[in-house]
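First the structure, in the form of structure tokens, and then the observations on it.
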Amino acid sequence: MAGTETSSPPPHRLADLETLAKRKLPEHVYNYYRGWAGDGQTARDNCEAFKRYRLLTRVLRDVSKQDTAVTVLGSILDLPVVIAPTAQHSLAHDDGERATAKAAAALNVGMVVSSWASCSIEDISDAAPVGVRWFHLTLQKDVARNKALLARAEKAGCTAVVLTVDQPVARRLKRTGKLAVAPDDWSLPHMTFGDAPQRGTVSYGEYIYACMKQPITWDDVVWTKTNTSLPVVLKGILSAEDAEEAVRRGVDAICVSNHGGRQLDGVPATLDVLPDVVRVVGGRLEVYMDGGVRTGADILKALALGAKCVFVGRPVLWALAYQGEDGVRQALQVLNDELRVAMAHTGCSRISDITRKLLVRESCAGCHLTSKV
Ligand SMILES: Cc1cc2nc3c(=O)[nH]c(=O)nc-3n(C[C@H](O)[C@H](O)[C@H](O)COP(=O)(O)O)c2cc1C
Ligand SMILES: CCCCCCC(=O)C(=O)O
């Protein structure tokens, strides 16, 4: 089991965390967290897309202070960052999601607790009573369980429901060409399996789809809206058309996401589709994004292209494996420091100063005065 704290120095970059975590994690856990669909083209492209934009500095402004606060679904975050829903934090550290939630609360960033969490939503709320927390709902075949989870999330203080919509069929999660098998060390307090196959003998996808409602449709989005008083966020939107439908169905926010490249390989990087989605939505609901966010400059780029905030997935798991709650705090602090530096150099004192004018496309780096991003 990972999770023994060491006195290693704090990481300077989130990119270093994966190597630090790898040394501590059992191989199957590292492979599961790192995993991607297909050849990993989309997983890589999510990160590369950020590098295709350059930041344009603006000088001689008073940037002695940066206010990085943002309001999402009525809650104030000190950073435009939400910890993405990711399964099974106890595989990274004994304190699991309790540690992650404490770190998120300490820096006042958001956290989405996965339906696939290893700690229950009640345990997490007991460990970290404050903090902006949302519940990620995987719709299960068991309708009563879905209703009960919505009620439990609200009672435990969650202020939004995040419905993941990009898992229509069981996937074949891979890393280095090997198909992941459902291991027997998962703890799943929110899920009901009925006559599920034996873990350790079937693929990861076969196992989890034994309890998931499949496929889910727009009617399920309406069902979710009807069965909770909380705002509903759709996570996994990639097209302008689906974003338009989300507006029509009365959804409160969407997260442009390809699940960190873990669903269908070959779909576009999220940063590349974000502008189209933002354009069609036209401010009628909040738009977030995730996939490949690794630096404060990445956050600035996503916000410049219209995201209200970003979700961060794998780096949080690496930080948790590296040094538990403290590791996650350090990682969030790195993002905070880097965002402030990027804002100062681009002449931004507050989040609302961040606009598309601060970005140039890589191919246009020499002709930015005439280019549009
Ligand atoms: C190990 C792991 C588990 C995940 N579990 C979930 C989940 O339970 N629900 C969900 O909607 N997304 C899940 N995701 C996807 C993340 O929420 C997020 O979309 C993705 O990790 C963002 O990309 P990034 O890792 O490059 O930041 C998971 C991702 C990883 C890496
Ligand atoms: C422990 C079961 C994991 C279920 C699926 C979580 C997920 O969405 C992922 O990408 O992994």
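Counting convention: from 1, in listed order, for ligands and their atoms alike.
Interface atoms of ligand 1 facing Ala87, defined by a heavy-atom separation under 4.0 Å, are 3 (C), 4 (C), 5 (N), 8 (O). Numbered from 1 in the order shown, with element, the atoms of ligand 2 that lie under 4.0 Å from a heavy atom of Arg262 read 9 (C), 10 (O), 11 (O). Interface atoms of ligand 2 facing Ile208, defined by a heavy-atom separation under 4.0 Å, are 2 (C), 4 (C), 5 (C). Which parts of ligand 1 touch Leu317 is read off a 4.0 Å heavy-atom cut-off, strictly below it: atoms 1 (C). Per-residue contacts place Ala87 under 4.0 angstrom from the following atoms of ligand 2 (heavy atoms of the residue considered): 3 (C), 6 (C). Counting the atoms of ligand 1 from 1 in the order shown, those under 4.0 Å from a heavy atom of Trp116 are 8 (O). Residue His259 approaches ligand 2 through these ligand atoms, each under 4.0 Å from one of its heavy atoms: 7 (C), 8 (O), 9 (C), 10 (O). Close approach to Ser257 involves these atoms of ligand 1, each under 4.0 Å from a residue heavy atom: 19 (O). For ligand 1, the atoms sitting less than 4.0 Å from at least one non-hydrogen atom of Tyr33 are 1 (C), 31 (C), numbered in the order shown with element in parentheses.
Asp272 and Arg361 are joined by a salt bridge, as a carboxylate oxygen and a charged side-chain nitrogen come within less than 4.0 angstrom of each other. Salt bridge status for Glu338 with Arg294: absent, with no side-chain N to carboxylate O gap under 4.0 Å. Ionic pairing of Asp337 and Arg340 is not present here: no N-O contact between side-chain nitrogen and carboxylate oxygen is shorter than 4.0 angstrom. Ionic pairing of Arg314 and Glu18 is not present here: no N-O contact between side-chain nitrogen and carboxylate oxygen is shorter than 4.0 angstrom. Of the charged side-chain nitrogens involved, at least one lies within less than 4.0 Å of a carboxylate oxygen, so that Glu245 and Arg249 count as a salt-bridged pair. Salt-bridge formation is not detected for the pair Asp126/Arg98: no Lys NZ or Arg NE/NH1/NH2 atom is positioned less than 4.0 Å from an Asp or Glu carboxylate oxygen. Between Glu122 and Arg152 there is a salt bridge, with a side-chain nitrogen of the basic residue lying less than 4.0 Å from a carboxylate oxygen of the acidic one. Salt bridge absent: Glu48 and Arg52 never bring a charged side-chain N and a carboxylate O closer than 4.0 Å.
Remark: among candidates Trp36, Trp186, Tyr32, the nearest residue to atom 3 (C) of ligand 2 is Tyr32, based on non-hydrogen atoms. With distances taken over non-hydrogen atoms, the option nearest atom 2 (C) of ligand 1 out of Arg262, His259, Arg314, Gln167 is Arg262. Distances from atom 14 (N) of ligand 1 to the heavy atoms of Pro85, Gly35, Gly291 show the closest one on Pro85. In this structure, of Val293, Asp290, Val310, the residue bringing a heavy atom nearest to atom 18 (C) of ligand 1 is Asp290.
Using a non-hydrogen distance threshold of 4.0 Å, Arg294 registers as a contact of ligand 1. Using a 4.0 angstrom heavy-atom cutoff, Asn46 does not count as in contact with ligand 1.
The main-chain N or O of Val267 is found under 3.5 Å from a side-chain atom of Thr42 such that the two form a donor-acceptor pair. Side-chain atoms of Asp45 do not come within 3.5 Å of backbone N or O of Pro268 as any donor-acceptor pair.
For Val312, no nitrogen or oxygen atom sits less than 3.5 Å from a nitrogen or oxygen atom of ligand 1, counting backbone and side chain alike. Residue-to-ligand polar distances place His136 within reach of ligand 1: an N/O pair is separated by less than 3.5 Å. Any N or O atom pair closer than 3.5 Å counts here, and Gln167 shares at least one such pair with ligand 2. On a distance-only criterion, Gln88 and ligand 2 share no N/O pair closer than 3.5 Å. The N/O atoms of Phe311, backbone and side chain alike, include none that comes under 3.5 Å of an N/O atom in ligand 1.
Taking the six-membered ring for Trp and the full ring otherwise, the centers of His190 and Phe135 sit less than 6.0 Å from each other.
At the shortest separation from atom 21 (O) of ligand 1 among protein heavy atoms lies Gly313 CA, 3.7 Å. Of the protein's non-hydrogen atoms, the one nearest atom 4 (C) of ligand 1 is Thr86 CA, 3.5 Å. With hydrogens left out, the protein atom closest to atom 10 (C) of ligand 1 is Lys235 NZ, 3.4 Å, a heavy atom. Atom 11 (O) of ligand 1 has as its closest protein heavy atom Thr164 OG1, 2.5 Å. When hydrogens are left out, the protein atom nearest atom 8 (O) of ligand 1 is Ser114 OG, 2.7 Å; that is the closest non-hydrogen contact.
Under the 6.0 Å distance and 45° angle rule, Arg356 does not count as a cation-pi partner of Tyr53.
In this structure, Ala69 and Ile76 approach most closely via the heavy-atom pair CB-CG2, 4.3 Å.
Tested against Thr192, the residues Gln140, Arg145, Lys141 include a single side chain to side chain donor-acceptor pair (under 3.5 Å) partner, Gln140.
The ring-ring contact (aromatic ring centres under 6.0 Å, His included) check on His89 picks up nothing, with sequence neighbours excluded.
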